[in-house]
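Note sheet for the following structure.
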Amino acid sequence: MKFLVSVIDDKDNPGSTDRMPAISEFNDRLIADGYWVFAGGLADTARVIDNRGEQALISDGPFVESKEYLAGVWVWEAPDLDTALQLATEASKVCDRKLEVRPFQ
């Protein structure tokens with residue numbers, strides 16, 4: 001079962017910026033244990049495209065303005081939700097940010 005794990009940062013209370021060594025070590029363990037599918041951090045800039053009308057509208061993003069924002073994602077392969085939640089609990093501590101876990105189909 002695949003899971004999308006969204007990394008949520010906060011403009012008012014951002015996570016630590018020195019977490020990359022710990023995140024890399026955690027990722028290495030995910031790979032070694034067979035959970036890793038994909039991961040990546042997201043840039044601060046975004047564009048929103050809406051081509052549902054007569055003309056395409058391209059605007060600056062993100063699509064929702066909020067003090068919290070999507071800072072990155074993991075995609076994991078885990079046998080069940082409980083395993084994904086256990087990994088996410090550890091990952092939240094490692095990356096010093098909130099995480100959202102969703103089954104990925």
Side-chain angles (χ1 to χ4, degrees):
M1 185 172 203
K2 287 187 175 62
F3 295 90
L4 175 64
V5 181
S6 301
V7 179
I8 303 164
D9 211 343
D10 186 321
K11 292 177 185 174
D12 295 338
N13 186 19
S16 300
T17 57
D18 63 348
R19 304 309 299 158
M20 282 313 298
I23 293 168
S24 293
E25 186 176 309
F26 180 77
N27 286 341
D28 289 344
R29 205 177 93 236
L30 288 174
I31 292 166
D33 292 345
Y35 297 120
W36 174 275
V37 175
F38 172 80
L42 298 174
D44 292 339
T45 60
R47 300 291 182 272
V48 177
I49 297 95
D50 186 352
N51 195 18
R52 297 175 294 169
E54 302 251 336
Q55 291 184 328
L57 175 63
I58 300 174
S59 58
D60 289 342
F63 73 97
V64 174
E65 290 293 329
S66 170
K67 71 180 189 99
E68 294 183 325
Y69 61 96
L70 185 62
V73 297
W74 271 292
V75 176
W76 296 337
E77 181 82 39
D80 51 45
L81 178 60
D82 287 341
T83 302
L85 292 176
Q86 288 173 341
L87 291 168
T89 300
E90 185 177 350
S92 176
K93 180 69 94 178
V94 168
C95 72
D96 193 31
R97 284 159 180 83
K98 293 193 309 186
L99 302 180
E100 178 187 70
V101 177
R102 289 186 182 202
F104 189 103
Q105 299 179 9

> Between Asp60 and Arg47, does a side chain to side chain contact (heavy atoms under 4.5 Å, CB included) hold up when you go through it step by step?
Replying inline: CA-CA 5 Å; Asp60 289 342; Arg47 300 291 182 272; 3.5 Å; yes

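If you chain together hydrophobic residues whose side chains sit under 4.5 Å apart, Leu42 and Ile8 never meet in one group. Tracing side-chain contacts under 4.5 Å through hydrophobic residues (I, L, V, M, F, W, Y), one reaches Leu99 starting from Met1; they form part of the same cluster. In the hydrophobic cluster analysis, where Ile, Leu, Val, Met, Phe, Trp and Tyr join through side-chain heavy atoms closer than 4.5 angstrom, Met20 is grouped together with Val7. Transitive grouping of hydrophobic side chains (ILVMFWY, heavy atoms separated by less than 4.5 Å) keeps Val75 and Ile23 in distinct clusters. Hydrophobic clustering (side-chain heavy atoms under 4.5 Å, transitive across Ile, Leu, Val, Met, Phe, Trp, Tyr) keeps Phe26 apart from Val37.
With values rounded to the nearest 0.5 angstrom, Tyr69 atom OH is found 6.0 Å from Asp44 atom CG. Between the CG atom of Leu57 and the CD1 atom of Ile49 there is a distance of 9.5 Å, given to the nearest 0.5 Å. Interatomic distance, Trp74 CH2 to Phe38 CZ, rounded to the nearest 0.5 Å: 12.5 Å.
In this structure Lys67 satisfies the salt bridge (charged side-chain N to carboxylate O under 4.0 Å, His left out) test together with Asp10, sequence neighbours excluded. Residues meeting the salt bridge (charged side-chain N to carboxylate O under 4.0 Å, His left out) test with Glu90, sequence neighbours left out: Arg29. In terms of the side chain to side chain donor-acceptor pair (under 3.5 Å) criterion, residue partners of Lys2 (sequence neighbours excluded) are, by chain and number, Glu77. Under the salt bridge (charged side-chain N to carboxylate O under 4.0 Å, His left out) criterion, Asp96 pairs with no residue at all, not counting sequence neighbours. Under the salt bridge (charged side-chain N to carboxylate O under 4.0 Å, His left out) criterion, Lys98 pairs with Glu68, not counting sequence neighbours.
Across all non-hydrogen atoms, the minimal contact from Asp9 to Ala71 is CB-CB, 4.0 Å. The two residues Tyr35 and Pro79 have their closest heavy-atom pair at CE2-CD, 4.1 Å.
For the pair Arg97 (side chain) and Cys95 (backbone), a donor-acceptor distance under 3.5 Å is present.
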Side chains of residues 80-87: which donor-acceptor pairs under 3.5 Å do they make with residues two or more places apart or in other chains?
residue, atom, partner, partner atom, Å
Asp80, OD1, Asp82, N, 3.3
Asp80, OD1, Thr83, N, 2.8
Asp80, OD1, Thr83, OG1, 2.8

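Within 6.0 Å of CG on Asp33 lie more than 12 heavy atoms contributed by other residues, nucleotides or ligands.
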